[in-house]
Peer 1: 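Please find one structure pasted underneath; my questions will follow.
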Amino acid sequence: MTEDFLHDRLAKVERLRASGVDPYSRGFKPTHSSVAAKELIGDAERTPPVSVAGRLMVKRQQGGLVFADLQDGQGRIQLMASRNILGEEEFGRFADLDLGDIVGVTGPIFRTKRGEITAEVQSFQLLTKSLRPMPEKWHGLKDVEIRYRQRYVDLIANPEVREVFRARTRIITAMRGLFDERGFIDVDTPVLQEIPGGGHARPFMTHHNSLDRDLFLRIALELHLKRLLVGGFERVYEIGRVFRNEGLSPRHNPEFTLLECYQAYADYEDVMQLVEDLVVCAAMGAGRPLQGSYQGESVDLTPPFRRERMADLVLEHTGRHAAGEELNDLFEEHVEPRLRQPTFVLDYPVEISPLARPRDDDPRFVERFELIILGREYANAFTELTDPVDQRARFEAQAALRAAGNVEAHPMDEDFLRAVEYGLPPCGGLGVGIDRLVMLLTDQPSIRDVILFPVMKAET
RNA sequence: GCCGGCGUAGCUCAGCCUGGUUAGAGCAGCGGUCUUUUAAACCGAGGGUCCGGAGUUCGAAUCUCCGCGCCGGCACCA
């Protein structure tokens with residue numbers, strides 16, 4: 001069937017060529033987008049001719065008239081081609097266009113009897129012949145497997161999907177704007193690393209042929225950004241792809257976009273303020289009101305966010321006094337799922353935070369917080385550990401865990417230690433999973449809905 | 001990795017539980033009619049390895065098993 005379709009369309013392409021029409025032509029310059037063209041008419045009856053270009057999505061023929069919807073990057077505009085205006089031959093060519101073809105059209109804008117703002121086709125040019133059938137015009141494309149594997153079809157057929165990805169870039173642009181305003185510089189650090197540090201995760205491994213050396217794809221940005229603070233950049237951020245060799249889920253894609261930033265002379269209190277500002281800024285970028293909802297559950301993003309110590313929350317929810325990894329385990333099992341509205345959870349156990357500064361009043365805990373919304377983590381931040389001797393001891397403790405078989409324990413990084421030995425200024429750092437934030441702000445249920453080309457198994 | 005659900009025409013879906021003539025519908029495509037339509041309508045003729053394989057049976061889209069893919073949950077994690 002598919003091959004029949006291709007066969008018919010390819011035959012059509014040859015017929016077009018034989019009649020002197022280039023089915024993959026060029027040179028047509030639209031003067032207006034569909035939306036701009038429609039705005040032109042105002043109260044007028046008719047406008048001077050304009051040129052629009054896009055993909056033919058719907059065709060309705062009625063004798064000597066063809067109505068069609070042209071879809072471009074902005075939206076849609078109806079076209080009307082008339083036998084009387086175009087003449088028999090050109091009209092026939094227009095009527096012979098297929099849904100999915102990309103065409104350029106020139107003509108005045110007018111209103112039909114039913115009031116639809118329409119471009120009257122005075123001339124047109126086939127720009128790109130489509131060989132494949134478009135998804136169903138009324139129900140659209142629903143099959144999620146096709147939507148994710150063939151995102152291009154999804155984007156054609158489901159305009160609201162385009163809007164999600166537009167919102168995604170607006171969110172990122174807005175956040176960058178905030179950083180730029182505050183004097184942060186954006187930097188690029190290595191994706192290919194010898195030692196994949198800065199987080200707890202299994203890395204992807206690869207191999208450099210001419211160096212004959214195994215390398216890892218980064219799992220976090222932290223250690224290189226902190227090296228830059230050692231170098232004298234006082235405010236840096238990076239929004240970059242990181243890779244974690246772990247399972248897939250509606251909240252996990254093996255490659256995802258992480259924001260990290262580091263600010264000299266700040267501590268985690270300052271970073272909490274920054275996170276609140278970033279969330280507001282991102283919500284504005286997305287066009288989402290602060291009092292909104294996610295998948296039917298209301299979520300109020302209005303700062304200030306609630307602040308609670310992890311140990312207090314665990315005591316409140318379980319009645320237990322705990323410390324170390326046990327505290328964190330109890331928190332994740334009993335408390336985290338119940339934190340629905342934005343909550344800063346403070347003061348994590350030192351054992352699970354090898355890069356964070358201990359609290360002055362109780363070195364069993366570090367100055368670290370995570371922002372939890374709807375039971376999910378949206379930000380992770382701490383006052384950074386700047387003492388190189390303590391940092392080495394932390395790495396050694398991790399190395400012991402690693403030797404005991406914990407593959408996600410933090411690896412020793414001698415070069416990072418060397419940098420810290422030169423002197424890392426006191427600073428606060430932050431990491432935010434951008435994809436999850438975009439999910440929240442665009443009300444999308446799966447991370448695959450905010451990543452253009454999510455990881456899939458091999459197509460069969 | 002484990003558990004559950006799903007997989008029928010290009011697309012959206014019926015049919016499956018309770019096995020039985022050539023597997024259906026709408027849209028799209030093809031051939032017609034129709035000059036202001038809005039999911040256009042009407043007429044006509046097409047289009048399927050019913051995810052793949054094996055089994056049970058006189059007979060399998062339908063029941064069983066194995067495999068693949070997708071979705072969800074758990075595990076891991078952000």
Side-chain angles (χ1 to χ4, degrees), chain A residues 1-9 11-12 56-69 76-86 91 95-96 98-100 110-118 120 130-150 153-154 156-158 198-203 219-220 242-260 332 336 370-373 375-380 406-408 431-437 439-440 445-449 454 456-460:
Chain A
M1 176 63 196
T2 302
E3 284 175 14
D4 290 349
F5 206 95
L6 281 171
H7 182 266
D8 290 351
R9 289 282 177 96
K12 204 167 190 173
L56 232 45
M57 297 303 291
V58 188
K59 226 170 53 162
R60 302 175 285 274
Q61 183 158 7
Q62 179 127 50
L65 289 180
V66 173
F67 294 92
D69 293 350
R76 288 187 180 193
I77 185 171
Q78 177 169 267
L79 309 178
M80 187 192 78
S82 159
R83 181 177 278 141
N84 291 345
I85 292 167
L86 283 174
F91 179 76
D96 192 44
D98 290 295
L99 299 186
F110 73 106
R111 281 195 175 81
T112 63
K113 282 179 185 170
R114 298 283 181 92
E116 179 84 19
I117 299 172
T118 302
E120 179 185 290
S130 173
L131 301 183
R132 291 180 180 269
M134 288 292 114
E136 217 258 357
K137 65 182 176 184
W138 178 243
H139 297 93
L141 178 66
K142 291 184 174 174
D143 185 321
V144 292
E145 187 168 353
I146 301 177
R147 288 188 48 224
Y148 297 150
R149 285 189 194 280
Q150 300 175 233
V153 184
D154 189 30
I156 292 168
N158 300 318
H200 303 271
R202 293 196 197 201
I219 60 167
V242 300
F243 307 84
R244 298 188 179 180
N245 206 340
E246 286 155 1
L248 290 75
S249 89
R251 291 164 297 283
H252 301 84
N253 195 63
E255 55 179 300
F256 64 101
T257 300
L258 186 61
L259 157 72
E260 288 196 28
E332 287 183 359
E336 197 168 40
E370 292 192 357
L371 172 61
I372 308 297
I373 308 171
R376 300 179 184 175
E377 176 192 335
Y378 285 85
N380 179 22
N406 183 342
V407 291
E408 286 170 10
V432 176
I434 292 294
D435 311 277
R436 289 185 177 179
L437 182 62
M439 286 169 67
L440 174 69
S446 171
I447 198 167
R448 297 183 191 93
D449 297 315
M456 304 285 277
K457 290 192 191 174
E459 199 172 352
T460 47

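Remember, it's a predicted structure, so these values are computed and weren't measured experimentally. Numbered from 1 within each chain, the chains take letters A, B, ... in sequence-line order.
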Peer 1: Record whether the side chain of A:E116 comes under 3.5 Å of the base of B:U37 through a donor-acceptor pair of N or O atoms.
Peer 2: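 Answer is no: no donor-acceptor pair is held.
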Peer 1: Identify the pairs formed between an N or O of the protein and an N or O of nucleotides 30-32 of chain B at a distance under 3.5 Å, and give each distance.
Peer 2:
none

Peer 1: Check whether any side-chain nitrogen or oxygen of A:R251 sits under 4.0 Å from OP1 or OP2 of B:C76, and answer yes or no.
Peer 2: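 For A:R251, the contact criterion (side-chain N or O under 4.0 Å from OP1 or OP2 of B:C76) is not met.
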Peer 1: Check every atom of B:U37, B:G73, B:C70 against the side chain of A:P250 and return the nucleotide holding the closest atom.
Peer 2: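 Looking only at heavy atoms from C-beta outward on A:P250, the closest nucleotide is B:G73.
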Peer 1: Could you work out which one of B:C71, B:G72, B:C11 sits closest to the side chain of A:V144?
Peer 2: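 Ranking B:C71, B:G72, B:C11 by closest atom to the A:V144 side chain puts B:C71 first.
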Peer 1: Should A:R60 be listed as having a side-chain N or O under 4.0 Å from OP1 or OP2 of B:U36?
Peer 2: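 No, outside the criterion.
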Peer 1: Counting side-chain heavy atoms from C-beta on, which of B:C71, B:G26, B:C34 comes nearest to A:Y148?
Peer 2: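 Ranking B:C71, B:G26, B:C34 by closest atom to the A:Y148 side chain puts B:C71 first.
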Peer 1: Counting just side-chain N and O atoms, does A:K142 come under 4.0 Å of either OP1 or OP2 of B:U12?
Peer 2: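 Indeed not, no polar side-chain atom of A:K142 lies that close.
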Peer 1: When only distance counts, do a donor and an acceptor, one from the side chain of A:S82 and one from the base of B:U36, lie under 3.5 Å apart?
Peer 2: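 In this structure, the two groups form no donor-acceptor pair.
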Peer 1: Please identify each residue that fulfils side chain to side chain donor-acceptor pair (under 3.5 Å) with A:E246, with sequence neighbours left out.
Peer 2: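 Applying side chain to side chain donor-acceptor pair (under 3.5 Å) to A:E246 gives none.
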Peer 1: According to side chain to side chain contact (heavy atoms under 4.5 Å, CB included), who are the partners of A:S130, at least two apart in sequence or on a separate chain?
Peer 2: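 Listed in chain order: A:R9, A:D101, A:M134.
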Peer 1: Does a side-chain N or O from A:R132 land closer than 4.0 Å to OP1 or OP2 of B:G29, or not?
Peer 2: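 Looking at the OP1 and OP2 atoms of B:G29, neither is under 4.0 Å from any side-chain N or O of A:R132.
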Peer 1: Distance check needed: B:U35 C1' versus A:R114 CZ, whole Å only.
Peer 2: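 Going from CZ in A:R114 over to C1' in B:U35 covers 14 Å.
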Peer 1: Between B:C71, B:U37, B:U36, which one does the side chain of A:Q78 approach most closely?
Peer 2: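 Closest of the options to the side chain of A:Q78: B:U37.
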Peer 1: Take atom P in B:C3 and the same atom in B:G67, then report the distance between them in whole Å.
Peer 2: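 To the nearest whole Å, 10 Å.
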Peer 1: A:E145 has a side chain; which of B:U12, B:C70, B:U36 sits nearest to it?
Peer 2: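 From the listed options, B:C70 comes nearest.
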Peer 1: Ignoring hydrogens and angles, does a donor from either the side chain of A:N84 or the base of B:U35 sit under 3.5 Å from an acceptor on the other?
Peer 2: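 Yes.
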Peer 1: Please determine, for the side chain of A:P133, which listed nucleotide (B:U35, B:G10, B:U12) has the closest atom?
Peer 2: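 Nearest to the side chain of A:P133 among the choices is B:G10.
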